[in-house]
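Below is one structure, written out as structure tokens; comments come after it.
Counting from 1, the numbers follow the sequence of the chain as shown.
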Amino acid sequence: MAKIGVIGTTSWGITLAVLLARNKYAVKLWARSEGEAQRLRTKGSSSPALEGIVFPTNLEVTSSLKDATLLSSAVILAVPSQTMRQNMRLLKDHLKSFRLIISASKGLEMGSNKRMSQVIADEIGESYRKNICVLSGPNLAREIACGLPAAAVVTATNEEVARKAQKLLTAPNFTVYTNHDLVGVELGGTLKNIIALGAGMIDGLGYGDNAKAAFITRGLTEMTAFSLALGANPLTLSGLAGLGDLIATCASPLSRNHYVGAELARGKKLSDITHGMDGVAEGITTTSAVWDQACKLRLEMPITQHIYQVLYNGARVGDAIAEVLGASYKHELAGKQWRLFSFLGKKGR
């Protein structure tokens, strides 16, 4: 029986551990402390998102990184984006050159604005970097843990490595596709969280489905422009890691980012919302990192800008959303420094 180590007891980390254990792998789930490990062993997940989910017998919880990675064929990282570097520094001495290193985290590191695969690459030896993969897609943990059908994308710089990860991750109700665009897949899963915050705000304001549909569509265009500027294939953003993830995160009540946006629109303070949450809404820190990068690139990103103003500068949600929905351009694909027109054979303005 093949062995897999899962690093991180987030709801997504636990879900992946359960999914793989059900698929007949011997799974070791790493918890940061023995106290947490013992609680998970005896009571299972305390996350409301995973209430009632039973751990298979071949899923073992451990507080030892050595134990979690010993003889494993893959290590999956499902940790909050802002702790990825810290976790990699703990993990790197336990890696072997034959192991897949799969990032299941979505976000950019604040300060460096780096994607998770770049953070991982920073912290490990060069000979290990070819084994870095990224898993992304419309993957709400609760639905997958309950065995509902879902699909995802796995990508790596090496096609053979991506196919190994695909084979490992595919399960009866979990279809995994490959994609060669590492930048696009990572950014799609990252940027959609910003748009989900705004979609939640629109729902919280009661603006209706027409407004939300327009906002999500404009959000996808903004996501695509930003990704293209960083070297992604814009078509990737129309796939599972872009549009697919965007739909799920903007529409589902299971989305933490949508929840935060809706609660902000209802007048609650961000600190109060996040304090009472189970898990991290990655869109909060992602908005800061993306807006910082957009300013450096001189990219016009009105949605990201206005969400940033709400989160960090106290702007009113109603004013910010009104500004976004009322913005006008000469063309639907026009934006400062956007290169989307290059794919139409026209020059943007």
So does Asp278 pair up with Arg256, basic N to acidic O under 4.0 Å?
no

Show which residues join Leu70 in its hydrophobic cluster (side-chain heavy-atom contacts under 4.5 Å, direct or indirect), or state none.
Leu71

Rounded to the nearest 0.5 angstrom, the CG-CZ distance for Leu299 and Arg339 is 9.5 Å

Check for a donor-acceptor pair, side chain of Ser255 on one end and backbone N or O of Thr249 on the other, with a separation under 3.5 Å.
yes

Check for a donor-acceptor pair, side chain of Asn139 on one end and backbone N or O of Ala151 on the other, with a separation under 3.5 Å.
yes

Looking at His306 and Pro302, would you say the former's side chain and the latter's main chain have a donor-acceptor pair under 3.5 Å?
yes

Do other residues, nucleotides or ligands put more than 12 heavy atoms under 6.0 Å from the NZ atom of Lys212?
yes

Quick one about Glu222 and Thr304 (side-chain donor to acceptor, distance below 3.5 Å, no hydrogens or angles considered), yes or no?
yes

For the backbone of Pro234 and the side chain of Ser238, can you confirm whether one donor and one acceptor N or O come within less than 3.5 Å of each other?
no

Out of curiosity, does Val161 fall in the hydrophobic cluster containing Val134 (side-chain heavy atoms, cut-off under 4.5 Å, transitive links)?
no

Calculate, to the nearest 0.5 Å, the distance between atoms NZ and OG1 belonging to Lys28 and Thr69 respectively.
9.0 Å

Would you kindly say whether Glu282 and Asn193 are connected by a side-chain donor-acceptor distance under 3.5 Å?
no

Working to the nearest 0.5 angstrom, can you tell me the gap between Gln305 CD and Trp291 CH2?
3.5 Å

Would Asp272 and Lys269 count as a salt bridge (Lys or Arg N to Asp or Glu O under 4.0 Å) if you check the C-alpha gap in whole Å, the side-chain angles of each, and the deciding distance to 0.1 Å?
CA-CA 5 Å; Asp272 292 338; Lys269 294 182 179 180; 5.5 Å; no

Interatomic spacing from CD1 in Ile303 to CG in Leu191 - rounded to 0.5 Å
11.0 Å

Who clusters with Leu90? Use side-chain heavy atoms, under 4.5 angstrom, across I, L, V, M, F, W and Y, and order the result by chain and number.
Ile7, Trp30, Leu65, Val75, Leu77, Val79, Met84, Met88, Leu91, Leu95, Ile101, Met116, Val119, Ile120, Ile124, Tyr128, Ile132

Please confirm whether the backbone N or O of Thr224 pairs with a side-chain atom of Ser227, one donor and one acceptor, at under 3.5 Å?
no

Main-chain N/O of Ser127 paired with Lys130 side-chain donor or acceptor, under 3.5 Å
yes

Please check this pair: side chain of Asn58 against backbone of Val27, looking for a donor-acceptor N/O pair closer than 3.5 Å.
no

Evaluate the criterion salt bridge (Lys or Arg N to Asp or Glu O under 4.0 Å) for residue pair Arg32 and Glu36; output intermediate values, then yes/no.
CA-CA 7 Å; Arg32 292 188 64 87; Glu36 182 186 17; over 6 Å; no

Does Glu300 come within less than 4.0 Å of Lys336, counting only side-chain N to carboxylate O?
no

Enumerate, atom names and distances included, each donor-acceptor pair closer than 3.5 Å involving a side-chain atom of residues 171-179, sequence neighbours excluded.
from   : atom 1 : to     : atom 2 : distance (Å)
Asn173 : ND2    : Gly147 : O      : 2.8
Asn179 : OD1    : Asp181 : N      : 2.7

Looking at side-chain heavy atoms only, is the closest gap between Arg115 and Thr190 below 4.5 Å?
no

Among Gln118, Arg85, Lys114, find the one that has a side-chain hydrogen bond (donor to acceptor under 3.5 Å, both in side chains) with Glu109.
Arg85

Could you measure the distance from the OG atom of Ser33 to the CD atom of Gln38? Nearest 0.5 Å is fine.
10.5 Å

More than 12 heavy atoms of other residues, nucleotides or ligands under 6.0 Å from CD of Glu51: is that the case?
no

